[in-house]
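Within every chain, numbering begins at 1; the chains are lettered A, B, ... in the order of the sequence lines, protein sequences first and strands thereafter.
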Amino acid sequence: MINKCINPKTVEEALDILESNGKDVKLIAGGTDLVIDLRNNKIDKNILMNISKLKELRFITIDENEITIGSGTKFIEIIENQHIKEKIVGLWKACKSVGSPQIRNMGTIGGNICNGSMAADSVPPLLALDATALIIGKNKTRSVPLRELYLDKGKVDIADDEILYAIKFHRLREKESISFEKLGLRKALAIARISCSIYINLENNSIKDIKIATGALGKYPQRENHIEKRLVNKKVDEIILKDIAEEMSKHVSKRLKGRSSRSFKSIAIKGIFAEAYKSAIKGANDESHKSHNK
Amino acid sequence: MKPLNIVGSRVIRVDGKAKVKGEAIYPQDIYLDGMLYGKTIRSTKVHAMIEVDTKKAETVEGVVKILTYKDVTGENHHGVVFKDHEVFCSKKVRRIGDPIAFVIANSERVAKKAAEMIEIKYKELPAVFNPIDAMKEDSIKIHGDSNIIYHYKCRKGNVNEGFEKSHVIVEREYKTSMVEHAFLQPEAGVSYIDEEGKICVCASTQYPHFDQIEVAEALGLKLENVKIMNPAVGGAFGGREDITLQIHLALATMVTKKPVKVVYTREESFHAHSKRHPIIMKYKTGADKNGKLLSMEVNLIGDTGSYASWAINVMRKAGIHATGPYEIPNVKIDSYAVYTNNPFCGAMRGFGATQTPIGSEQQMDIIANELGIDPIQIRLINGFKVGSETSNGQVLSESVPLKRCIEEVKNRMFKE
Amino acid sequence: MNHISLTINKKMYSIDVEEDVRLIDLLRDQLFLTGTKEGCGEGECGACTVIMDGRVVNSCLVMAFQAEGSNITTIEGMSDKDELHPIQKAFLDKGAVQCGFCTPGMVLSAKSLLDKNENPTREEIREGISGNLCRCTGYNKIVDAIELASKEIREEKKE
Amino acid sequence: MKKRGKGIAATFYGTGYGNGFPDVSKAVAEVDHDGNVNIYVCATEVGQGAKTIIIQMVAEILGLGMNDIHLISEDTSQTLDTGTAAASRQTYNTGNAVKKAVEVLKSKLLEKAKEHLKLPSLLGLEVKDKVIYLKTFPKKRVCFKDLIEEKISVEETFTAQTVQMDEETGQGAPYWPYTFSCYGVEVEVDTETGIIEVIKGVCAQDVGRAINPELIEGQIDGGFSMGLGYGIMEKLNCKDGEIKNNKFSKYLIPTALDMPELEKIIVEDPESSAPFGAKGIGEPVILPAAPAILNAIYDAIGVRFYEIPVTPDKVLSEINREI
């Protein structure tokens with residue numbers, strides 16, 4: 001039962017409270033999932049601390065090499081960022097596919113990550129971008145690759161006295177792109193049944209680097225290293241997409257053994273993966289096209 | 001006839017202005033002085049004998065009264081056709097969601113807390129969920145000594161002769177699912193005693209005068225001592241025909257002499273009202289080589305769940321409409337309504353006639369396909385017109401513009 | 001108990017709220033602004049939509065204490081007395097209202113959409129109201145209404 | 001691959017309680033001593049437009065504006081039983097009761113006016129905006145208020161006609177009137193994900209006569225949307241009698257993005273027993289949507305589905321079985 005609510009004015013104040021009382025505190029950002037849990041008595045802490053108003057957590061900075069997004073940044077703010085819309089297309093599409101306008105106006109990227117949901121929309125593109133999570137506590141900071149942040153279903157590697165501060169990934173250059181595809185059961189307000197995001201870096205028409213991440217196909221969103229290995233350093237023209245998709249399907253089928261969704265997801269991933277792959281390749285080539293024109 | 005001025009024109013709806021301004025009052029929008037709050041305790045088991053202990057819950061500060069079947073002053077029952085629902089289950093529950101008790105407290109918070117402290121001992125009974133199993137003689141019974149509530153029979157001409165003459169016979173089985181009305185406004189209501197001493201219930205309902213009878217009977221009051229008021233209703237689609245909270249509220253006010261309010265959550269709403277019958281439909285249709293329908297045999301099994309609600313009327317309507325809007329000289333239809341321990345099914349938009357076209361209209365396309373006839377053509381060949389006779393032998397004497405409807409769609413969508 | 005200050009429909013409020021109170025509970029149960037409806041309690045139906053600091057949110061998913069310092073518009077703040085907002089008028093003219101329970105939320109989503117995009121396509125309108133469920137109208141007449149309102153508002157601005 | 005297909009479905013629907021059960025609506029129409037017109041019926045407004053339709057009929061008969069009529073319809077202590085707001089029966093049944101009552105009221109008013117104006121006949125008397133006047137000599141006029149000392153109240157009842165069916169053969173006349181519909185739809189099926197998108201609909205709906213085309217179109221849109229959900233989305237997932245998806249995040253109904261644009265065609269063929277010829281349409285409008293979608297899916301991918309809803313998992317499993 002929550003018996004105390006706190007609106008800290010600064011991150012520092014929030015960290016002080018966490019340091020002294022962390023194990024009793026539940027952080028609330030956008031609240032789009034947490035408020036439901038609160039109503040259903042699923043939260044066993046008794047202090048609720050609101051971090052959605054902390055301006056220090058709400059930012060998007062783009063420097064020469066890196067993009068950093070504050071954890072309190074709302075999906076709508078990411079969607080409205082012109083650079084992300086044009087260059088980090090997969091992340092943009094993922095944020096745009098979250099729930100509904102109302103949810104995107106409240107929900108934050110940090111909340112999406114910390115919730116640990118298998119179907120979190122923004123996480124596969126961040127994984128494919130090999131993003132790093134910046135975590136802070138009173139007098140401490142650390143960075144963890146996002147792919148190592150997930151410990152189990154609904155559980156992330158952030159301690160009671162810490163806050164996810166921001167998420168960071170490198171800027172995309174020429175011949176690099178990121179895509180995102182999602183399968184939901186309706187066109188809005190849809191939880192991902194499957195999502196797939198692919199980062200690709202082309203060089204001389206071969207795949208110099210590729211990172212594939214999927215959502216809703218396991219305990220939490222994850223990288224698909226097996227498939228990445230099959231594709232890296234391959235000539236684009238020599239890749240038989242159908243075969244790769246088939247392999248992906250086999251992996252998924254193995255992973256979902258015993259689940260009722262197995263037969264559907266293991267077939268549907270083929271189409272979703274192929275779409276994501278094609279649009280990543282297209283994106284990487286489009287970028288070069290653009291810079292040629294300049 | 002005189003030219004019409006207002007009839008036929010796009011007059012703005014009279015309740016519209018209040019609705020766009022957010023001023024329309026739905027029952028949950030009513031707040032009265034000194035109002036108490038109610039919370040319904042419902043069965044969590046599908047089929048069980050129950051014992052209810054409210055003592056611990058009664059000690060919660062702020063609890064005014066906890067109602068159970070013992071507090072029902074009139075008949076402990078209601079139902080649109082059969083009185084097979086209990087206001088509060090006395091000995092037995094037949095589905096998940098059956099109301100067992102009703103906490104009345106001075107706040108919603110307290111009511112909720114006390115509700116969790118009511119102790120219900122369940123002695124579980126075997127249950128049946130598949131209507132085909134439930135039809136068998138040796139099935140466990142939900143009410144009385146048979147689970148088959150109703151059997152509609154239609155016999156016209158001779159179906160066997162019709163099939164013998166048929167060039168093509170298509171036989172298929174179809175299934176529809178149980179669905180929810182999903183009206184946007186969850187059930188809510190407020191009750192109070194007016195200056196004349198009448199028990200008044202404000203609730204969203206489709207039929208206030210029927211609710212009045214049900215409430216009066218359950219409370220043991222004269223009809224004129226009960227008043228039902230129907231403020232704005234947030235959609236219904238058949239889901240507000242059976243009683244949900246009306247009797248609970250009226251009883252709560254009668255016992256406490258105070259205004260009482262209850263608002264269901266969406267989750268409770270799913271459990272509180274009826275559903276659309278899922279129907280298993282076996283179709284056998286025969287036609288000559290020109291596509292003229294000659295014979296049809298249909299078997300419909302509707303799962304009405306744990307209470308009858310409108311089962312008889314729904315499965316009757318399903319049977320009557322099973323042919324689709326087509327002339328067929330030989331028809332045999334059997335339509336059954338069957339009890340199971342599933343959520344109870346009743347009225348929902350289309351009332352049996354929504355389910356059957358899933359079968360009958362696909363049969364038409366399959367036959368057309370087998371005969372190499374255009375799907376539109378086969379409908380025009382067989383479609384009802386003025387003078388047509390239905391499977392019930394009813395003559396359609398006027399206003400039968402089916403073919404015009406088909407032509408309109410053809411001209412707008414299927415013109416090559 | 002928390003003490004919060006916020007602005008609702010241009011009026012300042014300073015009010016005590018319990019820890020478990022959501023914004024929708026504050027609006028309805030404490031301030032009797034009952035035009036904001038609760039249809040699902042989980043941010044799916046959008047009947048509880050209000051505009052908070054310029055953007056639509058589900059008031060069932062915001063804890064009241066989180067609204068500290070916020071500026072909120074509810075359906076009651078859409079029109080002055082008898083003068084309807086062009087969106088409300090268009091909803092009437094185009095038959096976009098049936099049972100009315102989703103209507104306040106729809107109107108606010110429409111307002112938020114048109115505030116940012118004064119000439120949306122029909123697809124953009126659908127997108128703009130995609131967080132508001134309606135079981136009666138099949139949405140088409142709501143889209144018609146918002147399209148009409150957009151036109152009216154643009155013409156009003158020209159004048 | 002995305003494949004498109006078109007499908008059609010035609011349906012009929014008998015309105016009212018049916019099967020010989022007394023289907024009764026009662027209405028009271030009155031003009032009070034201030035000249036106000038009050039209508040007492042308990043036809044519930046559930047969003048379908050019952051209030052508007054009833055007032056339109058009254059306004060038409062009495063030559064009044066919509067705002068001149070006071071409808072009392074929300075309280076059992078002030079109204080008589082008008083039956084349920086279901087079975088698509090309010091326009092036909094309660095409409096008939098109201099029309100009867102208001103027509104009797106009108107003839108009483110005309111009779112009074114004839115006396116008041118000292119005319120030898122009722123011929124040529126018109127009613128408009130609460131004034132009764134002689135068409136050929138409009139100065140001969142009297143307003144309701146001056147005509148009425150004590151309120152005039154008329155109660156009328158309408159009972160529909162049906163015949164109970166024989167229990168063994170089903171022969172009888174179970175409903176009246178019947179309403180007819182035909183919808184055509186176009187769908188696009190993604191054969192890789194199993195997702196079905198309904199991209200267009202053409203809806204032709206028989207109405208007898210349209211009392212209010214705007215409301216009818218709204219019913220068609222709403223019925224189509226509910227039918228779309230029925231065909232490809234909605235299912236209560238009941239496991240051992242327990243509803244597993246008892247919330248809107250788990251029980252999916254169509255959003256604005258899932259609904260196609262519809263071309264709506266109102267087909268009029270007045271029914272002589274109906275008020276102004278108008279038949280009920282609230283339920284008929286849902287019937288052809290789902291079967292037309294199923295037929296369109298077959299047209300698109302050559303697979304027939306015998307169980308609804310046709311969700312993406314079913315589509316994929318059927319497509320892959322075919323191979």
Donor-acceptor contact below 3.5 Å, side chain D/Glu186 vs main chain D/Ile199: no
N/O donor-acceptor pair under 3.5 Å between D/Glu45 side chain and D/Gln48 backbone: yes
B/Arg412 with D/Glu263: basic N within carboxylate O range, under 4.0 Å: yes
Sidechain N-carboxylate O distance under 4.0 Å for B/Glu196, B/Lys227: no
Of the backbone (N, CA, C, O) and the side chain (C-beta and beyond), which part of [X] lies under 4.5 Å from a heavy atom of chain D, both, or neither?
X	value
B/Lys410	neither
B/Ile280	neither
B/Ser306	neither
B/Asn130	neither
B/Gln355	both
B/Asn5	both
B/Val46	side chain
B/Arg172	side chain
B/Val395	backbone
B/Thr265	neither
B/Ala182	both
B/His181	backbone
B/Glu267	both
B/Lys45	neither

Salt bridge (Lys or Arg N to Asp or Glu O under 4.0 Å) assessment of B/Glu180 paired with B/Lys275: CA-CA 5 Å; B/Glu180 155 70 24; B/Lys275 303 285 168 262; 2.8 Å; yes
Parallel, tilted or perpendicular: rings of D/Phe248 and B/Phe270 (30°, 60°): perpendicular
Using a cut-off of under 4.5 Å on heavy-atom pairs, state which of [options] scores highest against chain B.
options	value
D/Gln56, D/Glu168, D/Glu307, D/Glu217	D/Gln56
D/Val285, D/Ile265, D/Ile266	D/Ile265
D/Gly83, D/Pro270, D/Ser273	D/Gly83
D/Ile293, D/Asn237, D/Leu236	D/Leu236
D/Gly184, D/Pro275, D/Pro288	D/Gly184
D/Ile243, D/Ile216, D/Thr82	D/Ile243

For the student: nearest non-hydrogen atoms of B/Asp365 and B/Pro375, plus distance: OD1-CB, 3.6 Å
Closest non-hydrogen atom pair between B/Tyr283 and B/Thr356, with its separation: OH-O, 3.5 Å
Salt bridge (charged side-chain N to carboxylate O under 4.0 Å, His left out), paired with B/Asp334, selected from B/Arg316, B/Arg155, B/Lys282: B/Arg155
Working for side chain to side chain contact (heavy atoms under 4.5 Å, CB included), residues B/Ile406 and D/Phe180: CA-CA 10 Å; B/Ile406 297 172; D/Phe180 302 86; over 6 Å; no
[X] versus chain B, heavy atoms under 4.5 Å apart: side chain, backbone, both or neither?
X	answer
D/Leu294	both
D/Thr79	both
D/Ala210	backbone
D/Ile308	both
D/Leu215	side chain
D/Leu80	backbone

Pick from B/Ile376, B/Val7, B/Val233, B/Ile96 with the largest number of heavy-atom pairs that fall under 4.5 Å of chain D: B/Val7
Test salt bridge (Lys or Arg N to Asp or Glu O under 4.0 Å) applied to D/Lys99 and D/Glu60, step by step: CA-CA 10 Å; D/Lys99 186 164 177 273; D/Glu60 186 68 55; over 6 Å; no
Verdict with supporting geometry, D/Thr52 and D/Asn212, side chain to side chain contact (heavy atoms under 4.5 Å, CB included): CA-CA 9 Å; D/Thr52 309; D/Asn212 189 326; 4.0 Å; yes
side-chain hydrogen bond (donor to acceptor under 3.5 Å, both in side chains) assessment of B/Tyr174 paired with B/Gln363: CA-CA 10 Å; B/Tyr174 302 86; B/Gln363 289 288 99; 2.8 Å; yes
Aromatic contact, B/Phe237 with B/Phe183 (centres under 6.0 Å): no
